[in-house]
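The block underneath contains the structure these notes are about, expressed in structure tokens.
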Amino acid sequence: QVQLVESGGGLVQAGGSLRLSCAASERTFSTYAMGWFRQAPGKEREIVAAINWSGGSTYYADSVKGRFTISRDTAKNTVALQMNSLKPEDTAAYYCAARTTTRYSRQYYLNPNDYNLWGQGTQVTVSS
């Protein structure tokens, strides 16, 4: 079964950058739509960015548009989230998710219930 492992979180000052990576254990990972979500204490999990199987279609939440970039590397079986111009309000646990029930989907998905496989999460803390 495919497993997802996130890495790249940490503590950064406001205005700084971090790059999160989500690695999968199986080659079929490259055929799934993927998403990055975040959850701050006391808040619901929210979509940050999403990407379809080919990488040709992406979505960004308004709060991160222009600052974050989602991408995937089929050869390396990874999905990355490049985060620039970080703000204190970006502080949260970040999770990558895969929709393994559908292969080669041309669309991306925005609802956590659309995904059935989750990584363990990585903490991002932005200091002011």
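Side chains are part of it too, since the values below use all heavy atoms of this structure and drop only hydrogens, waters and symmetry mates.
The line from OG1 of Thr69 to CD of Gln82 is 7.0 Å long, rounded to the nearest 0.5 Å. Between atom CD1 of residue Ile70 and atom CD1 of residue Ile51 there is a gap of 5.0 Å, rounded to the nearest 0.5 Å. The structure places CZ of Arg99 at 8.0 Å from CG of Asn116, a figure rounded to the nearest 0.5 Å. Distance check: Tyr32 OH to Thr102 OG1 gives 10.0 Å after rounding to the nearest 0.5 Å.
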Query raised in the report: Going through the checks in order, is the side-chain hydrogen bond (donor to acceptor under 3.5 Å, both in side chains) test met by Tyr94 and Arg38?
Result: CA-CA 4 Å; Tyr94 283 70; Arg38 68 186 180 187; 3.0 Å; yes

Report task. Check step by step if side-chain hydrogen bond (donor to acceptor under 3.5 Å, both in side chains) holds for Asn84 and Ser17. Result -> CA-CA 4 Å; Asn84 299 328; Ser17 298; 2.9 Å; yes

Query raised in the report: Are Gln13 and Val126 close enough, and set up right, to give a side chain to side chain contact (heavy atoms under 4.5 Å, CB included), and what steps lead you there?
Result: CA-CA 5 Å; Gln13 289 188 332; Val126 184; over 6 Å; no

Query - Verdict with reasoning, Met83 to Val64, per side chain to side chain contact (heavy atoms under 4.5 Å, CB included) - result: CA-CA 8 Å; Met83 306 186 295; Val64 307; over 6 Å; no

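The side-chain heavy atoms of Asn52 and Gln107, taken from C-beta on, include no pair separated by under 4.5 Å. Side chains of Leu18 and Leu86 form a contact here, defined as non-hydrogen atoms less than 4.5 Å apart. Contact of the Thr78 side chain with the Arg72 side chain is not registered, since no non-hydrogen atoms from C-beta on lie closer than 4.5 Å. Two residues are said to be in side-chain contact when any heavy atoms from C-beta on lie closer than 4.5 Å; Met34 and Leu4 meet this criterion. With contacts defined as side-chain heavy-atom distances shorter than 4.5 Å, the pair Leu20/Glu6 does not qualify. Side chains of Arg103 and Thr28 form a contact here, defined as non-hydrogen atoms less than 4.5 Å apart. Looking only at side-chain heavy atoms (C-beta outward), Leu81 and Arg19 stay at 4.5 Å or farther from each other.
Residues Tyr95 and Phe68 do not share a hydrophobic cluster, defined by chaining ILVMFWY side chains whose heavy atoms lie under 4.5 Å apart. Hydrophobic cluster membership is shared by Trp36 and Phe29, with clusters built from Ile, Leu, Val, Met, Phe, Trp and Tyr side chains linked at under 4.5 angstrom. Connection of Val79 to Val124 is established within a shared hydrophobic cluster, with ILVMFWY side chains joined at heavy-atom distances below 4.5 Å, either directly or through further cluster members.
For the residue pair Ala92 and Ala40, the shortest heavy atom distance occurs at CB-N, 3.9 Å. Taking all atoms of both residues into account, the shortest heavy-atom contact from Arg27 to Ser30 is O-OG, 3.0 Å. Shortest non-hydrogen contact noted between Tyr59 and Leu110 is CD2-CD2, 3.3 Å. Contact record, Lys65 with Tyr60: CE-O, 3.5 Å, taken as the closest heavy-atom pair. Of all heavy-atom pairs spanning Ala50 and Ile47, the tightest one is CB-CD1, 4.2 Å. Heavy-atom minimum distance, Thr58 versus Tyr108: O-CE2, 3.4 Å.
Distance alone, capped at 3.5 Å, is enough to place a donor-acceptor pair between the Ser25 side chain and the Gln3 backbone. For Tyr115 (side chain) and Ala33 (main-chain N/O), no donor-acceptor pair under 3.5 Å exists by modelled atom type. Under the 3.5 Å distance criterion, the side-chain polar atoms of Thr122 are matched with a main-chain donor or acceptor of Gly9.
Using a 30° and 60° split on the angle between ring planes, Phe37 and Trp118 fall in the tilted class, from 30° to 60°.
Residue pairs satisfying the disulfide (SG to SG under 2.5 Å) criterion with at least one member in residues 27-128, sequence neighbours excluded, are listed as follows: Cys22-Cys96.
Note on Lys87 versus Asp90: no salt bridge recorded, every NZ/NE/NH1/NH2 to OD/OE distance being 4.0 Å or above.
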